[in-house]
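Computed from heavy atoms alone, side chains included, the values below leave out hydrogens, waters and symmetry copies. A note on names: the letters A, B, ... follow the listed sequences, proteins ahead of strands, and every chain is numbered from 1.
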Amino acid sequence: MAEKVMVKGTEAIGEAAIRAGCRLYFGYPITPQSELTEYMSRRMPQVDGVFLQAESEVAAVNMLYGAASTGHRVMTSTSSPGYSLMQEGVSYIAGAELPVVFVNVVRGGPGLGDIQPAQSDYFQATKGGGHGDYRLVVYGPESLQEAVELTAKAFDVADKYRNPALILADGMLGQMMEPVEFPEFRDLSTLPDHSSWAMQGAKGREPHKITSFDINEYVLEQMNLRYQEKYKKIIENEQMWEEYKTDDADIIIVAYGTMGRIAKTIVNMAREKGVKAGLFRPITLWPYPYEALAKLADQAKLFFTVEMSMGQMVEDVKLAVNGKKTVEFYGRTGGVVPTPNEVLAKLMELI
Amino acid sequence: MPNQKYFQYVRKDRLPNVWCPGCGNGIIMKSFIEAAGNLGLDKNKVAVVSGIGCSSRVTGYLDFNTLHTLHGRAIPFATGVKLARPDLEVVVMGGDGDMLAIGGNHFIHACRRNMDLTVILFNNTIYGMTGGQYSPTTPHEAIASTAPYGNLENNFDPVKMAISSGATYVARSTVYHYTQSVKYIEEAIKHKGMSVVEIVSNCHTYFGRYNGMSKPAQFMEYFKKSTVTLSKAKTMSEEELKGKIIIGEFHNDESRKTYLELYEELSEQLGGVAK
């Protein structure tokens with residue numbers, strides 16, 4: 001580990017990707033993540049990597065699809081409307097089982113929305129977005145340090161399961177600066193061997209097939225069942241969450257990403273008022289840590305979900321709590337970030 | 001004193017605009033307003049459609065039926081408006097990134113169909129709104145925020161692209177050549193079929209700052225010095241034309257029927273109700 005450096009969120013994720021062994025990046029300008037595209041244009045030629053600014057997000061995602069099929073580590077980054085444009089490719093990449101890392105620096109929506117931070121793409125990120133029965137591993141970092149670590153992890157997990165992964169950031173994480181400690185550069189010779197599936201020529205062996213397609217419905221069903229087997233393994237092995245002061249808590253605030261970070265302040269403010277609050281912060285948004293959250297349903301009196309949306313993750317909280325306790329919600333949307341005071345005021349109303 | 005007759009086309013309550021001081025977008029907007037005034041356009045009979053980008057903000061300031069739509073999709077959106085309301089004069093305004101990168105496919109297909117649209121391309125050779133990334137018209141080797149070592153790609157010539165794709169009125173001007181811009185826009189609006197007017201503009205904030213022209217006046221000087229008329233260009237060699245901006249009316253062909261005319265003919269043949 002090196003010393004801490006002050007960096008902008010988008011650049012931190014870019015550098016983390018390069019250090020994780022990403023050597024191909026395709027992107028298209030969109031606020032609030034264009035600095036990541038710019039960073040890659042500057043850095044990739046310095047590390048023997050390749051950068052190309054695509055003519056659209058549709059082009060970028062298909063460049064990724066092509067590059068990923070060769071077995072190299074590849075990434076793109078975009079923001080909400082751009083990620084919507086990529087959904088066709090995301091579905092194909094998931095069906096073709098290719099390891100690709102996506103970054104969505106979420107802004108207010110729907111439609112053009114605005115360029116302020118939001119969490120209103122949760123459904124798109126975790127429940128589909130494109131067509132078909134598929135899943136992406138989705139990470140919701142709360143800080144730039146965590147974003148750096150999760151970016152490296154996203155590449156490893158994507159490779160391990162041959163599955164796309166998504167860093168679900170927001171405009172706040174993308175645009176703010178924080179001190180970050182970067183990991184060392186990954187020795188490229190230690191990257192996973194993809195010779196069993198990648199497009200590398202078929203001399204002396206059976207050809208590989210990278211596809212999301214089969215015209216025979218029974219074969220396609222088998223392919224889907226294979227995906228589901230893989231998703232089951234991911235659910236078993238890859239769940240991540242943080243609990244903050246939950247040991248004695250009877251009010252459990254559930255929040256992720258930027259909102260999760262703000263919620264730690266809210267927990268402390270509530271405790272100063274004598275309210276035993278704690279925070280459950282999912283880090284993987286898929287696979288969602290249902291069981292860990294469900295365990296808290298025995299001790300807690302109330303669950304209080306806070307999001308920068310009109311209520312999306314709250315549906316997963318309700319699934320986890322499964323009717324055992326009341327689940328309340330507070331959210332702001334359109335790019336408005338709730339302040340600790342307003343959330344606390346709402347919490348005090350509820351108890 | 002500005003001529004009062006132009007004010008009817010401006011939403012004064014939306015001013016000041018978002019553009020940087022000295023931006024060419026305002027000059028192009030005024031060129032359009034003057035052309036509209038000269039033609040006596042009824043503002044309720046005009047629809048102006050834009051996509052996303054600095055220049056696409058123009059629909060906020062113009063007082064016509066205005067539609068600020070998706071990045072790159074202004075042309076298909078305008079096609080939908082035109083087919084639903086053929087009586088409207090449908091004008092598309094937008095930038096080089098919007099119209100030639102993400103919307104490049106739509107641009108060539110509208111030309112191919114000879115859709116009766118007037119496209120005004122604000123070509124400042126850069127993505128301004130997102131911070132100076134290279135666009136499909138950024139010259140080879142120019143610096144941009146995503147081309148810090150110089151642009152490796154080659155640029156489109158929007159005029160050649162429009163003509164070869166099937167547009168039937170194609171002209172080019174610059175923001176320095178205001179009178180010509182007004183004239184070409186007027187011709188384009190009057191023209192039946194797909195019209196494309198490219199107006200080369202300045203982004204001193206990004207393109208200029210990266211490429212040694214950070215003041216708007218430097219661009220004006222550059223446009224003044226580097227521009228040759230089409231008739232003059234015809235007498236010049238390829239070598240002499242290097243780095244020059246050729247302005248003029250490149251193509252004007254009203255002999256080709258528009259998509260709508262052909263469709264109306266078909267409809268009549270099949271006994272559909274004629275308009």
How about [atom1] on [X], more than 12 heavy atoms from neighbouring residues, nucleotides or ligands closer than 6.0 Å, or not?
| X | atom1 | result |
| --- | --- | --- |
| A:K127 | NZ | yes |
| A:D187 | CG | yes |
| B:R57 | CZ | no |
| A:I115 | CD1 | no |
| A:H72 | NE2 | no |
| A:M177 | CE | yes |
| A:Y65 | OH | yes |
| B:K43 | NZ | yes |

Identify which part of A:P81 has an atom lying under 4.5 Å from any heavy atom of chain B, answering side chain, backbone, both or neither.
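For A:P81, there is no contact with chain B at all, as no heavy atom is under 4.5 Å.
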Interchain contact, A:Q33 with chain B, by part (heavy-atom threshold 4.5 Å)
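Contact with chain B: none, neither part.
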Measuring centre to centre across the rings, with the benzene-like ring taken for any Trp, is B:Y127 within less than 6.0 Å of A:Y28?
yes
Tell me, do B:L70 and A:L112 make a side-chain contact under 4.5 Å, heavy atoms counted?
no
Heavy-atom side-chain proximity of A:L85 to B:I102 below 4.5 angstrom
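A:L85 vs B:I102: side chains touch.
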Approximate separation, where rounding is to 0.5 Å, of A:S34 OG and B:M129 CE:
11.5 Å
Nearest atoms (heavy-atom pairs only) where B:Y149 meets A:Q46
OH-NE2, 3.2 Å
Which heavy atom in B:A147 sits nearest to a heavy atom in A:S41, and how many Å separate them?
N-OG, 4.3 Å
May I ask you to decide if B:G104's main-chain N or O and A:E55's side chain share a donor-acceptor pair within less than 3.5 Å?
no
What residue in B:T130, B:L152, B:T69 has the most heavy-atom pairs under 4.5 Å with chain A?
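Most heavy-atom pairs under 4.5 Å with chain A: B:T130.
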Decide side-chain hydrogen bond (donor to acceptor under 3.5 Å, both in side chains) for B:Q133 and A:E38; before the verdict, give the C-alpha distance in whole Å, the side-chain angles of both, and the deciding distance to 0.1 Å.
CA-CA 8 Å; B:Q133 297 83 12; A:E38 291 168 1; 2.7 Å; yes
